[in-house]
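Below: one structure, written as structure tokens.
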Amino acid sequence: MFGATVATAVLTVEDLFLTIEPVRRGAPEIGVGNVVGSVLFSVTGKIGVIALAGSIGIGSSVLVWHLPVFVVGTVLAAYFIHTGRLRPWQGYVLLGLYVAYWVVSFVVFGGAPIEM
């Protein structure tokens, strides 16, 4: 858990810089494209590789909590992008939802959806 969290945090910081820098330089389409491409790769590429490993069971907490939150968050972000203009309040909403997701995940499920 610690290793996955630290590695993810480091990669996320790098990805944030790769996303923010084009926005800062006046090319927000590249920053948004980076986000869309990352989500698309995670959903198709990463899950595709996991599926190649063989038949893998998916825990109930993933199906009843993590997946629905992923779908709602992705649809909401896509809607915000669809409006043609991202506003600061939308950023607060999305970041607030992310924080709420982590708090609920750790309070209700006691951590990430992994079993040892």
In this structure, would Leu67 and Val75 fall into the same cluster of hydrophobic residues linked by side-chain contacts under 4.5 Å? yes
Can you pull out every salt bridge (charged side-chain N to carboxylate O under 4.0 Å, His left out) where at least one residue sits in residues 25-50? Sequence neighbours excluded, please. Glu21-Arg25
Verify the cluster assignment for Leu94 and Val36: are they in a single hydrophobic cluster under the rule of side-chain heavy atoms below 4.5 Å apart? yes
So, applying side chain to side chain contact (heavy atoms under 4.5 Å, CB included) with Asn34, which one of Val39, Ile20, Leu18 is it? Leu18
Run through the side-chain heavy atoms of Ile, Leu, Val, Met, Phe, Trp and Tyr, join any pair under 4.5 Å, and report what else lands in Ile50's cluster. Ile56
For Gly31 versus Pro22, what's the shortest heavy-atom pair and its separation? N-CB, 4.0 Å
Could you list the cluster mates of Val49? Members are the ILVMFWY residues connected by side-chain heavy atoms closer than 4.5 Å, either directly or through other members. none
Sequence neighbours excluded, the answer for side-chain contact (heavy atoms from CB on, under 4.5 Å) partners of Val23 is Pro28
Any side chain to side chain donor-acceptor pair (under 3.5 Å) involving residues 68-88? Give me the pairs, sequence neighbours left out, ordered by first then second residue. none
Rounded to the nearest 0.5 angstrom, the OG1-CD distance for Thr19 and Glu14 is 10.0 Å
Under the rule for side-chain contact (heavy atoms from CB on, under 4.5 Å), what residues qualify as partners of Val93, not counting sequence neighbours? Leu76, Phe80, Trp89, Leu97
My understanding is that a hydrophobic cluster links ILVMFWY residues whose side chain heavy atoms are under 4.5 Å apart, including indirect links. Using that, what else belongs to the cluster containing Phe17? Val13
I'd like to know if Phe109 and Tyr98 are part of one continuous hydrophobic network [Ile/Leu/Val/Met/Phe/Trp/Tyr, side-chain heavy atoms within less than 4.5 Å]. yes
By side-chain contact (heavy atoms from CB on, under 4.5 Å), Ile58 pairs with (sequence neighbours left out) Val62, Leu63
All side-chain contact (heavy atoms from CB on, under 4.5 Å) counterparts of Val69, not counting sequence neighbours: Trp65, Tyr101
Side chain proximity check, Asp15 to Val35, heavy atoms < 4.5 angstrom: no
Residues that, via side-chain heavy atoms closer than 4.5 angstrom, fall in one hydrophobic cluster with Ile47: none
